[in-house]
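The structure appears right after this line, and notes come after that.
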Amino acid sequence: MADESKEPGTRRRIKIGRIRIGLNVVVQIVLILFLAAMVNSLAFKHYKRWDFSRDQKYALSDKTKRFLDTLKGKMRITVFFSPSTPISADLQNLLTEYQYAGKGKIDVEQIDPERNLSRAKELFDKYKVVTDESLLVLDYDGRNKTVKASEMADIDQSGIALGEGPRVAAFKGEQAITSAMIDLVEGKKKTLGYVTGHKEPALSAPTSPITLLKTFIENENIKFQELNLLDQPAIPADVNAVMMVGPQYDFSEREMQVLRDFWDKQGRILVLVDPAANTPRLRAFLDELGVKVNDDRLMVFVRTGIQELALTRDVQAHFLGDSPVTKRLADVRAIFVGGTASLTLDPNRGRAVSIRLEPLIQAEKGYFAETDYNSDNQVKLQADAKKVGDVPLTIAASAEKGGSADARVQVNSSRLVAASNATFIQDNAVMQDQAALDFVSGAVNWLLSREQMIGIAPKISKPLTFSLDPEALRRLRWILLVLTPLIPAAIGTVVWWQRRV
């Protein structure tokens, strides 16, 4: 009887125990699902991306990332691209990188104008689009700007005659989009005064030798304004910086006084000196600031045979990384074509007038500064070359008066960048070396106190090629015909032996 009376209680306890276990399992499942959802939510919002591709085609430059960090509002990008446009895939991947770097500040809407006609017409009317070309529209704070497909790529059409499609020779999407973003956010363009009247390269002529430089600088929300200092009592107030490119004739005393007044009022000046031009007043002005343009030419002897030497005046130089002008070009090598003189920086003279001097570009080892540069006496020139010491030869420098040595401290100051070569930025030289554009861009942006805006280069497609010599081909043949079949055969033999045993 006692056993019968205990049985119902035992059953109740077993039943309660099972319910408790079931509840624990349910709670555990809910907690696991909740944790999984939380982990996925955090991973969706906080994640890292790496680009391990060979040419890093879609990796954004530091310039773009720094600019996106400064955005205070939302940037809306509406893409009107037909799928047949050659750069559609490139653009889509690039905009994904913009969204990631923008940290929620970039909204992108993709519209196929051939399929979604009603939405496309609605936005065409809103943004007043009047072209049938594929494009994207950037909208920020009530202002908008269009970027056409033709502005984002150089298309090679040479294969059409052979039945091939168009090929993207260079993808300039980041350069065009970031430039448009800067234009929208800053609103008013910065003005760069281009000094004329001394036989400088023409700025607006169809045959101008600095067309590429002009386009590159204008794409950074900067406009050029020609300045004839003879007609100006002072540099106009709306000119933010002044640029002088290879003047062939000297400045008058009146023009130099205008420049000195501009410098004294925290002016910003970029000077590219032609060492072959006779400009004593301009050089005296630079000398006053501690930057002396020497009367010499940089040259080097290169070996062309067992006992043959050739003299070259084109200077291979490297950029120094201590200045914000060239920080992102540190240790990059570039060729400076044409005549190049050496610069002597006088820190004592600069210190006397509170000017901080920094070298920006120095020639590679082996170059020598020849004062008798018109001589054809090879014996004398070779003797001078042997006298070369370890003193670095500077060809570009910066000067700042009243600034702070700490880049984090923004102080109004006078700034100057000087280089002793004026031909390295011409179109025929720039097409061989992108670094020239990046240097001038960095110099101009530093002069305009826009250190965060320093250079984006186009991404040029580089086909992956393999070159195998006969010995390498022989080794590859053995690998493919002998070693590759032997591996699965050896594995199969081991498995068969184990089963047999």
Side-chain angles (χ1 to χ4, degrees), residues 51 53 55-65 67-68 71 75-102 105-114 120 123-124 127-140 143-160 165-186 189 211-222 430-431 434 437-438 441 453 455-463:
D51 186 354
S53 61
D55 53 3
Q56 294 193 330
K57 188 174 183 180
Y58 308 113
L60 296 182
S61 65
D62 290 339
K63 171 181 174 179
T64 296
K65 292 177 182 177
F67 171 75
L68 293 176
L71 284 179
M75 178 76 69
R76 180 175 180 80
I77 303 177
T78 307
V79 183
F80 300 95
F81 261 61
S82 169
S84 60
T85 307
I87 61 171
S88 290
D90 291 335
L91 179 63
Q92 186 173 353
N93 291 325
L94 180 64
L95 291 178
T96 301
E97 297 302 319
Y98 270 94
Q99 287 182 291
Y100 171 68
K105 299 175 185 177
I106 307 291
D107 288 338
V108 177
E109 181 181 3
Q110 301 273 354
I111 296 178
D112 185 346
E114 297 176 1
L123 293 176
F124 278 3
Y127 295 119
K128 297 179 174 58
V129 176
V130 294
T131 179
D132 294 332
E133 183 180 354
S134 293
L135 53 82
L136 54 85
V137 179
L138 286 76
D139 191 322
Y140 181 82
R143 302 186 296 272
N144 62 81
K145 186 176 180 65
T146 61
V147 181
K148 298 178 182 178
S150 57
E151 299 172 3
M152 289 185 275
D154 291 335
I155 305 298
D156 183 6
Q157 307 277 4
S158 59
I160 292 181
R167 184 181 64 86
V168 179
F171 183 56
K172 304 182 293 185
E174 183 188 355
Q175 182 181 355
I177 293 172
T178 300
S179 173
M181 287 182 173
I182 295 171
D183 198 353
L184 280 180
V185 173
E186 292 188 349
K189 292 178 179 288
T211 301
L212 293 177
L213 175 68
K214 179 175 181 289
T215 303
F216 192 83
I217 297 298
E218 287 178 336
N219 282 342
E220 298 193 340
N221 200 32
I222 298 170
V430 167
M431 292 176 70
Q434 173 74 29
L437 293 180
D438 292 332
S441 170
M453 295 290 106
I456 302 174
K459 303 292 179 66
I460 300 174
S461 300
K462 298 177 181 178

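All values reported here derive from a predicted model rather than from experimental measurement.
Taking CE from Met181 and CG from Leu71, the interatomic distance works out to 7.0 Å, rounded to the nearest 0.5 Å. Of the inter-residue distances, the one linking Thr215 atom OG1 with Leu437 atom CG reads 9.5 Å to the nearest 0.5 angstrom. Separation of atoms CD1 (Ile77) and CG (Leu138) is listed at 5.0 Å; rounding is to 0.5 Å. A distance of 9.0 Å separates CD1 of Ile106 from CG of Leu95, quoted to the nearest 0.5 Å. In this structure, OG1 in Thr146 is found 10.5 Å from CZ in Phe80, a value given to the nearest 0.5 Å. Atom CG in Asn144 sits 14.5 Å away from atom OH in Tyr140 (nearest 0.5 Å).
Heavy-atom minimum distance, Ala149 versus Thr85: CB-CG2, 4.4 Å. The two residues Ala180 and Val147 have their closest heavy-atom pair at CB-CG2, 3.6 Å. The shortest heavy-atom contact between Leu136 and Phe81 is N-CE1, 4.3 Å. Heavy atoms only, all atoms of each residue included: Ile111 and Pro113 are closest at O-CD, 3.2 Å. When every heavy atom of Phe171 is checked against every heavy atom of Met152, the shortest pair comes out as CD1-O, 3.4 Å. The two residues Gly102 and Leu68 have their closest heavy-atom pair at N-CD1, 4.0 Å.
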Given Ser134 and Lys148, is the side chain to side chain contact (heavy atoms under 4.5 Å, CB included) satisfied, shown in steps? CA-CA 6 Å; Ser134 293; Lys148 298 178 182 178; over 6 Å; no
Before you tell me yes or no, could you show the steps for Thr178 and Tyr98 under side chain to side chain contact (heavy atoms under 4.5 Å, CB included), namely the whole-Å CA-CA distance, both residues' side-chain angles and the distance that decides it to 0.1 Å? CA-CA 10 Å; Thr178 300; Tyr98 270 94; 2.7 Å; yes
May I have the step-by-step check of side chain to side chain contact (heavy atoms under 4.5 Å, CB included) for Asp139 and Thr78, ending in yes or no? CA-CA 8 Å; Asp139 191 322; Thr78 307; over 6 Å; no
Evaluate side chain to side chain contact (heavy atoms under 4.5 Å, CB included) for Met75 paired with Lys105, printing each intermediate quantity in order. CA-CA 6 Å; Met75 178 76 69; Lys105 299 175 185 177; 6.0 Å; no
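With sequence neighbours left out, the salt bridge (Lys or Arg N to Asp or Glu O under 4.0 Å) criterion links Lys65 to no other residue.
Checking side-chain atoms of Gln99 against main-chain N and O of Asp107 turns up no donor-acceptor pair under 3.5 Å. With hydrogens and angles ignored, the 3.5 Å screen pairs a side-chain donor or acceptor of Ser88 with a backbone N or O of Ser82.
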